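Every number for a ligand or one of its atoms is a count from 1 in the order of the listing. All values reported here derive from a predicted model rather than from experimental measurement.
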Amino acid sequence: IVEEHTPNPAAGDEHRPIGYGRLQRKEDPRFVRGKGHYVDDIVLPGMLHGAILRAPVAHARLVSIDTTQALANPKVVAVITGKDLEGLGLAWAPTLSYDVQAVLVTDKVRFQGQEVAFVVAEDRYAARDALELIDVEYEVLPPLVDARKALDPDAPVIRDDLEGRTDNHIFDWEAGDAAETDAVFASADVVVSQEVVYPRVHPAPMETCGAVADFDPIDGKLTLYETSQAPHAHRTIFAMVAGIPEQKIRIVSPDIGGGFGNKVGIYPGYILATVGSIVTGRPVKWMEDRSENLMSTSFARDYIMQGEIAATKDGKILGLRTNVLADHGAFNATAQPTKYPAGFFHIFTGSYDLQAAYCKVTGVYTNKAPGGVAYACSFRVTEAVYLVERMVDALARRLDMDPAELRLKNFIRPEQFPYPNKTGWEYDSGDYEKTMRLSMEIAGYDELRREQEERRARGELMGIGISFFTETVGAGPRKHMDILGLGMADGAELRVHPTGKAVVRISVQSQGQGHETTFAQIVSEELGIPPEDIQVVHGDTDQTPFGLGTYGSRSTPVSGGAVALVARKVREKAKFIAAAMLETRPEDLEWEKGRWFVKGDPSVGKTMAEIALGAVGTIELPEGIDGNLDAEVTYDPPNLTFPYGAYICVVDVDPGTGVVKVRRFIAVDDCGTRINPMIIEGQVHGGLTDGVGMALMEIIEFDEDGNNLGGSFMDYLIPTAMEVPNWETGYTVTPSPHHPIGAKGIGESATVGSPPAIVNAIIDALSPLGVTTIDMPCTPARVWEAMQGRATPP
Ligand code: CDP
């Protein structure tokens, strides 16, 4: 790590709760001992097990289902079909994008792996085995797997369940000013066009999705243990759809083994486990296996982007224009703010000061799994960053300019912040040049270019790739952002117990990011109570305030803000109690870390612990102060936060085999105020590894019959320590001016920022062979094909 500033022990920096030092994670003692408590660890008395029968084909009319044989099995307790659900009004459920999705097939199979029937049995094996006893007859229909053909007049209509539907069109959406952009393009010296594809990938968390539903038939209470990134949103939607009163639903999201967007949606399995428990009167567990997870529980990306960039001949970027075809699969189930059907794609102008920009996105149905989740990403910002960073490199090649120099020439300058971009965003803060120059310094950029020249002279294929990304995280201001009408704000409740120990309840849900540590650090910073004395409670709707959950790196920007503000509210209340205890006026008190003292006489004061005891004691409290030292807030952020980073990647391509080796990777991130540097470093390392996966190996492909070719880890490759280099990280700190502690999100920066750096490096390596583009994943076969001058194979 290159420390921009070293902590000053004389000033007590090492002991400050935020920003310095490397406070160990409070949750790690249980994780490293194998004592985490995940959904599949839950065992309830009398619990049954569910398994889902899935469609073997991508598109077919359901002719009949015969469950007689399965039901005859003594270990089978119930078999649920689409018809049964129809009777309960639960055959279809709303998606997070105002579409509907079949819980179990009633009319037609629309993707391979779709849910057809649910078996509930005494144990997991019996449930699985009984799937083979269900006899289903299908009438196979021609599948549609190529999004480019989705709008052809003769394309099969996938969603004939929707009344009046005659095509596969979902939406057209645009941002920016088309006419202004056309005018800028018409006057430009140089225009470069390129098709840039972000293929379908999958978040593939280590823990697959699952649920344990426990419906109590006596008091009508449903307790649902779920792998959920958004327990509160799930509870409200469950109440709306299933008709169970909301106070009778408790959603518990225990330890989660990675989410990455995969656990935002409400999957048929969660609903089926619930129906299974209601029908049998016993708890029902459903855990999907790896193939089910990869084939049916969502996907990410799948954007075909036609990009155009306009510039002057000396390298001033003038405008960007793009037309996107978005493959949403069989049901429009993307999780993103209602107002933006293409998520945050329209931040695609990146980190550059442009005169005009325009984007249009068309969403279509295909016979593929639904989803479109934000895989370690803030609602399509990943696709946006990939597009702009590929286009800027393409422009640099056309102009024969160094890609670092081109970027430095076009960055938004520090004095331009808050910066309104051309597609409706207001970037909060940034000093891009400083971050870029730091990454170039760590990389030894000029030296690398010299080395590249020498190697090229020897016929070696060395590439240097750059990506400078701006993210948009912390969704979001409630008036602009909601999911199914639920505004994207977060609550926090803080209580300081009489002995000065605290508990803070938050509405976001960690999936491994270390919230139990970092949110305690925020409270500690504000109240002076040591982080180890602060318990963070999350993931249980009966114990925490309402909020929209953890995805899109929104926890720190939104819940982090809520936690800082609730702590300040408690601190303010403590002032009144301290004043009563000291028999003085609140305005005569001054705050220093952990205590209120009398102005001008620091020896007279009360610590937080003394005040907490006083709050429940016998002194007479001032009017309006009700005793207990506690508070609650709901934080509706005024804007998103805009973290950014400068990434430089060095690759070597084997000229004989096309194998890409990522030799070095330099990542300099700016996420504003840094709460826990060690956790940030971990988040960045994980995200960079994700980026290597997407750039080099991850893809969910389909054959022409609609068979999913990425349904196991033998086919869907994810990176290991073997494929990644020793990450070289650095940072700058440009606080967010509107966030209570100046923090921006970090969880997804590296996943968003790294793929373009790697692909740009590969193109740079292959450029002596005339290669100007290549699509992800850059497998040895694809790279080799590109080296032969052939078109990129599918
Ligand atoms: O929403 P999610 O937790 O996935 O993302 P995040 O808000 O970016 O936070 C990821 C982890 O990094 C959390 O533990 C944060 O509190 C921590 N973090 C930090 O220490 N400093 C920041 N400026 C941002 C995040």
Side-chain angles (χ1 to χ4, degrees), residues 16-28 203 205 229-230 253 256 258-264 335 373-379 381 428-429 471-476 488 490 492 504 506-525 531 534 536 538-539 547-564 635 637 640-645 669-687 690 729 731-736 739-753:
R16 273 190 55 196
I18 282 186
Y20 299 92
R22 298 173 71 83
L23 186 75
Q24 298 291 301
R25 299 198 334 160
K26 292 170 76 169
E27 41 274 88
D28 280 348
Q229 295 179 228
S253 201
I256 301 291
F260 312 109
N262 190 202
K263 293 166 180 168
V264 176
V373 298
Y375 165 14
C377 150
S378 196
F379 312 116
V381 67
D428 58 351
S429 62
E471 263 226 276
T472 171
V473 305
M488 301 184 85
D490 282 340
V504 61
I506 55 178
S507 51
V508 288
Q509 160 65 37
S510 173
Q511 306 109 43
Q513 300 91 319
H515 292 175
E516 289 166 43
T517 309
T518 47
F519 286 97
Q521 287 179 264
I522 297 174
V523 174
S524 177
E525 175 86 6
I534 299 157
V536 177
H538 60 123
L548 265 256
T550 292
Y551 39 84
S553 290
R554 64 184 297 283
S555 302
T556 306
V558 189
S559 266
V563 166
Y635 180 61
L640 292 106
T641 66
F642 295 78
Y644 56 90
D669 277 278
D670 193 317
C671 60
T673 304
R674 292 153 58 84
I675 300 163
N676 188 314
M678 181 191 70
I679 287 180
I680 292 172
E681 190 184 285
Q683 296 286 302
V684 171
H685 285 189
D690 257 346
T729 57
Y731 67 91
T732 54
V733 177
T734 312
S736 167
H739 187 273
I741 60 166
K744 305 181 179 186
I746 187 66
E748 301 164 342
S749 289
T751 317
V752 171

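- Annotation: side chain of His685 is in contact with side chain of Thr729 (closest heavy-atom distance under 4.5 Å).
- Closest to atom 4 (O) of ligand 1, if we only count protein heavy atoms, is Gln513 NE2, 2.9 Å.
- Across all their heavy atoms, Val558 and Ala475 have their closest contact at CG2-O, 3.6 Å.
- Distance OG1/Thr517 to CD1/Ile675: 11.0 Å, rounded to 0.5 Å.
- Neither the backbone nor the side chain of Glu748 has any atom closer than 4.0 Å to an atom of ligand 1 (non-hydrogen atoms only).
- Two residues are said to be in side-chain contact when any heavy atoms from C-beta on lie closer than 4.5 Å; Leu23 and Asn676 meet this criterion.
- For the 3.5 Å distance criterion, the side chains of Ser429 and Thr734 fail to qualify, holding no donor opposite an acceptor.
- In terms of protein heavy-atom proximity, atom 10 (C) of ligand 1 is closest to Gln683 OE1, 3.6 Å.
- Not close to ligand 1: Gly672, with no non-hydrogen atom less than 4.0 angstrom away.
- Taking all heavy atoms of Val508, Thr556, Thr673, Ile675 into account, the minimum distance to atom 23 (N) of ligand 1 is reached by Thr673.
- With a heavy-atom cut-off of 4.0 Å, Ile680 touches ligand 1 through its side chain alone.
- Separating the CD atom in Glu748 from the CZ atom in Arg554 is a distance of 11.0 Å, to the nearest 0.5 Å.
- Between Gln509 and Ile256 the shortest side-chain heavy-atom distance falls below 4.5 Å.
- At a 3.5 angstrom cut-off on N or O pairs, Asn676 counts as close to ligand 1.
- The shortest non-hydrogen separation linking Val473 to Gly552 is CB-O, 3.5 Å.
- Here Lys744 has backbone heavy atoms under 4.0 Å from ligand 1, and that is the only part of it that gets that close.
- Nearest protein heavy-atom neighbour of atom 1 (O) of ligand 1: Ser555 OG, 2.7 Å.
- Look at Pro557 and you'll find a heavy atom under 4.0 Å from some atom of ligand 1.
- Shortest contact from atom 3 (O) of ligand 1 to any protein heavy atom: His515 NE2, 2.7 Å.
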